[in-house]
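Please read the structure below before turning to the comments.
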Amino acid sequence: MSNELKQLAAIAALDEIQEGMVVGLGTGSTAAPFIRRLGDRVQAGLRIVAIPTSEESRRLAEEKGIPLTSLGAHPQIDVTVDGADEVSPELELIKGLGGALVREKIVAHASKRVVIVVDESKLVHKLGTKTGVPIEVVPFAVDVVTFRLKAIGGIPQLRQRDNRTFVTGEIDRPADLEKQLKGITGVVDSGLFCGVAELVIVAGAGGVRRMARKQTI
Ligand code: A5P
């Protein structure tokens, strides 16, 4: 995404932030401009506290003077703004190519509302189309997890990169796969984020548009 589009998405995401909120700060090159602009608002008088999803986002927030808090002090976050690597029409996500997936998932699941900022290139018809699903595995368990992943089928290949494992291939039922992966002892978590995003802000050549999750009764 061009820097200009990232700025547009960041500006649009600021509409989600209100005085007094506890805000989760995502990780990556789309979340970063949001953090900078949020910092500008804080310097202009907005009172919020924030929980970063990575050390990189923590440093940026500190540089911008955003007051930080912890999940201990605030186990419930009002809104988290984060990026994503792929977004399906149902607002299911692949995240974590930036390497912060476990912390991002903890923060997302502790949030009343999750807002995702992306450019149009991240929209896919089916998750797994462009990227693999990163999964974090306890190092001692890598071989066992590899064996189990192969055994559950439909997952054609694994590869190790930067100490992470990727499961590749198009995914028919992401929510089921997310549960299945989580059920393997040794898997810390996966980059599948299903039923989490409430709003996706998409920046593109035609401007900014919003995709909201359909409410289920
Ligand atoms: C970080 O671990 C990821 O989940 C990012 O949110 C994701 O990779 C998107 O990053 P960009 O906004 O830099 O594309």
Side-chain angles (χ1 to χ4, degrees), residues 1-14 16 23-39 50-61 64 71 77 79-88 91-111 113-124 127-137 159-168 171 174 177-178 181-182 187-205 208-211:
M1 183 170 10
S2 77
N3 191 44
E4 196 183 327
L5 291 185
K6 285 175 191 173
Q7 298 296 337
L8 279 182
I11 292 166
L14 281 178
E16 304 298 319
V23 181
L25 305 175
T27 295
S29 60
T30 319
F34 167 76
I35 298 173
R36 287 196 198 92
R37 285 177 183 270
L38 183 64
I51 299 181
T53 52
S54 63
E55 288 313 303
E56 183 194 335
S57 296
R58 171 187 295 280
R59 272 194 299 278
L60 187 53
K64 294 295 294 183
L71 284 172
I77 296 170
V79 63
T80 288
V81 176
D82 202 348
D85 302 302
E86 282 189 359
V87 178
S88 77
L91 307 195
E92 289 154 328
L93 315 171
I94 291 180
K95 285 184 51 53
L97 292 193
L101 78 86
V102 175
R103 219 164 128 173
E104 286 175 355
K105 206 175 234 190
I106 292 167
V107 167
H109 280 260
S111 302
R113 184 168 165 77
V114 174
V115 174
I116 297 295
V117 278
V118 291
D119 75 298
E120 283 172 334
S121 72
K122 305 284 185 69
L123 302 181
V124 293
L127 292 186
T129 308
K130 295 184 176 183
T131 181
V133 177
I135 63 172
E136 189 165 321
V137 179
R159 64 181 194 271
Q160 295 290 329
R161 201 169 71 193
D162 304 333
N163 294 322
R164 279 174 290 153
T165 298
F166 290 78
V167 184
T168 57
I171 301 160
L177 181 60
E178 183 181 4
L181 292 174
K182 184 83 179 173
V187 169
V188 182
D189 223 318
S190 78
L192 286 169
F193 286 55
C194 299
V196 167
E198 201 163 302
L199 176 70
V200 176
I201 296 173
V202 186
V208 168
R209 66 189 167 99
R210 289 171 167 76
M211 294 164 64

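Every number for a ligand or one of its atoms is a count from 1 in the order of the listing.
The CG atom of Asp119 sits 13.5 Å away from atom CD1 of Ile201, with the distance rounded to the nearest 0.5 Å.
Side-chain contact between Ile171 and Leu192 is present, with at least one heavy-atom pair separated by less than 4.5 Å.
Below 3.5 Å of separation, one finds no N or O of Gly28 facing any N or O of ligand 1. Annotation: Ala31 places no N or O atom under 3.5 Å from an N or O atom of ligand 1; distance criterion only.
Selection from Gly96, Ser29, Ala32 by nearest heavy atom to atom 13 (O) of ligand 1 gives Ser29.
Not one N or O on the side chain of Glu56 forms a donor-acceptor pair closer than 3.5 Å with the backbone of Thr27. Within the 3.5 Å criterion, the main-chain N or O of Ala108 finds no donor-acceptor partner in the side chain of Thr80. Not one N or O on the side chain of Lys95 forms a donor-acceptor pair closer than 3.5 Å with the backbone of Lys105.
Close contacts between ligand 1 and Thr27 involve ligand atoms 1 (C), 5 (C), 6 (O) [criterion: under 4.0 Å to a heavy atom]. Heavy-atom contacts of Ala100 reach the following atoms of ligand 1: 2 (O) (cutoff under 4.0 Å). Per-residue contacts place Gly83 under 4.0 angstrom from the following atoms of ligand 1 (heavy atoms of the residue considered): 6 (O). Contact atoms of ligand 1 toward Asp82: 6 (O) (distance under 4.0 Å to a heavy atom of the residue). Less than 4.0 angstrom separates some heavy atom of Lys95 from each of these atoms of ligand 1: 3 (C), 4 (O), 5 (C), 6 (O). Annotation for ligand 1: atoms under 4.0 Å from non-hydrogen atoms of Asp85 are 7 (C), 8 (O), 9 (C).
Ion pairing between a basic and an acidic side chain is recognised when a charged N comes within 4.0 Å of a carboxylate O; Arg103 and Glu136 show no such pairing.
Under the 4.0 angstrom criterion for non-hydrogen atoms, Lys122 is in contact with ligand 1.
Residue contacts with ligand 1, taken as heavy atom pairs separated by less than 4.0 Å, involve Ala84 solely via the backbone atoms N, CA, C and O.
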Output, in order, the C-alpha distance, side-chain angles, deciding distance and verdict of side-chain contact (heavy atoms from CB on, under 4.5 Å) for Arg37 and Ile11. CA-CA 7 Å; Arg37 285 177 183 270; Ile11 292 166; 3.6 Å; yes

Using side-chain contact (heavy atoms from CB on, under 4.5 Å), reason through Phe34 and Asp82 one step at a time and then give a plain yes or no. CA-CA 9 Å; Phe34 167 76; Asp82 202 348; over 6 Å; no

